[in-house]
Amino acid sequence: MAPAVAAKGRTHYEVLGVGAGASRAEIKAAYRRLAREVHPDAVGAGAGADEGFIRLHAAYATLADPDERARYDRDVVAGASAGIFRRAAAAGTGYRRRTWETDQCW
């Protein structure tokens, strides 16, 4: 599963409606509750009826597996902190990067 945000800027935790510290039982209960609401057989066939369930299942599949969940958490946190560093770099610090040539005393 890709570490990217699930859809429309939502994390897997937001798709399932649980917090980041949720237990496996809480994740499973949230998945089953939401699956009954968004499953194409329950909602009826229509344009985009499958998309909500596919997004929900992808979130559950990632968060239900401890290894995948750890990888997802690590990538999402790393992605969020990388955005902070990118913004700081874009703002500019006023210092030039030192290179090997500028460090020499010729």
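The structure displayed is predicted, hence computed values, not measured ones.
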**Q** Do Tyr13 and Asp73 have side-chain N/O donor and acceptor atoms under 3.5 Å apart?
**A**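 Present: a donor and an acceptor within the cut-off.
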**Q** Residues two or more places apart in sequence or in another chain: which of them pass side chain to side chain contact (heavy atoms under 4.5 Å, CB included) with Arg33?
**A**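 For Arg33 the side chain to side chain contact (heavy atoms under 4.5 Å, CB included) partners, ignoring immediate neighbours, are Ala30, Glu37.
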**Q** When you compare the side chains of His12 and Tyr60, does any donor N or O come within less than 3.5 Å of an acceptor on the partner?
**A**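 Result is no, nothing qualifies.
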**Q** For a quick test of reading the model, state the closest non-hydrogen atom pair linking Leu16 to Leu34 and the distance between them.
**A**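 Residues Leu16 and Leu34, closest heavy atoms: O-CD1, 3.4 Å.
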**Q** Got a second to check how far Thr62's OG1 is from Arg71's CZ, nearest 0.5 Å?
**A**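 Going from the OG1 atom of Thr62 to the CZ atom of Arg71 covers 10.0 Å.
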**Q** Are side-chain heavy atoms of Arg55 and Val38 found at a separation under 4.5 Å?
**A**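 No, every pair of side-chain atoms sits at 4.5 Å or beyond.
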**Q** Of the non-hydrogen atoms in Ile27 and Arg69, which two are nearest, and what is the gap between them?
**A**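 Closest pair (atom of Ile27, atom of Arg69, distance): CD1-NH1, 3.4 Å.
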**Q** Let me confirm one number: the CG-CZ distance from Leu56 to Arg32, rounded to the nearest 0.5 Å.
**A**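 Atom-to-atom, Leu56:CG and Arg32:CZ are 12.5 Å apart.
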**Q** Taking atom CZ of Phe53 and atom CG of Asp41, what is their separation to the nearest 0.5 Å?
**A**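 Phe53 atom CZ to Asp41 atom CG measures 9.0 Å (nearest 0.5 Å).
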**Q** Would you check if Glu14 and Thr11 make a side-chain contact, meaning some heavy-atom pair closer than 4.5 Å?
**A**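 In short, these two side chains touch, coming nearer than 4.5 Å.
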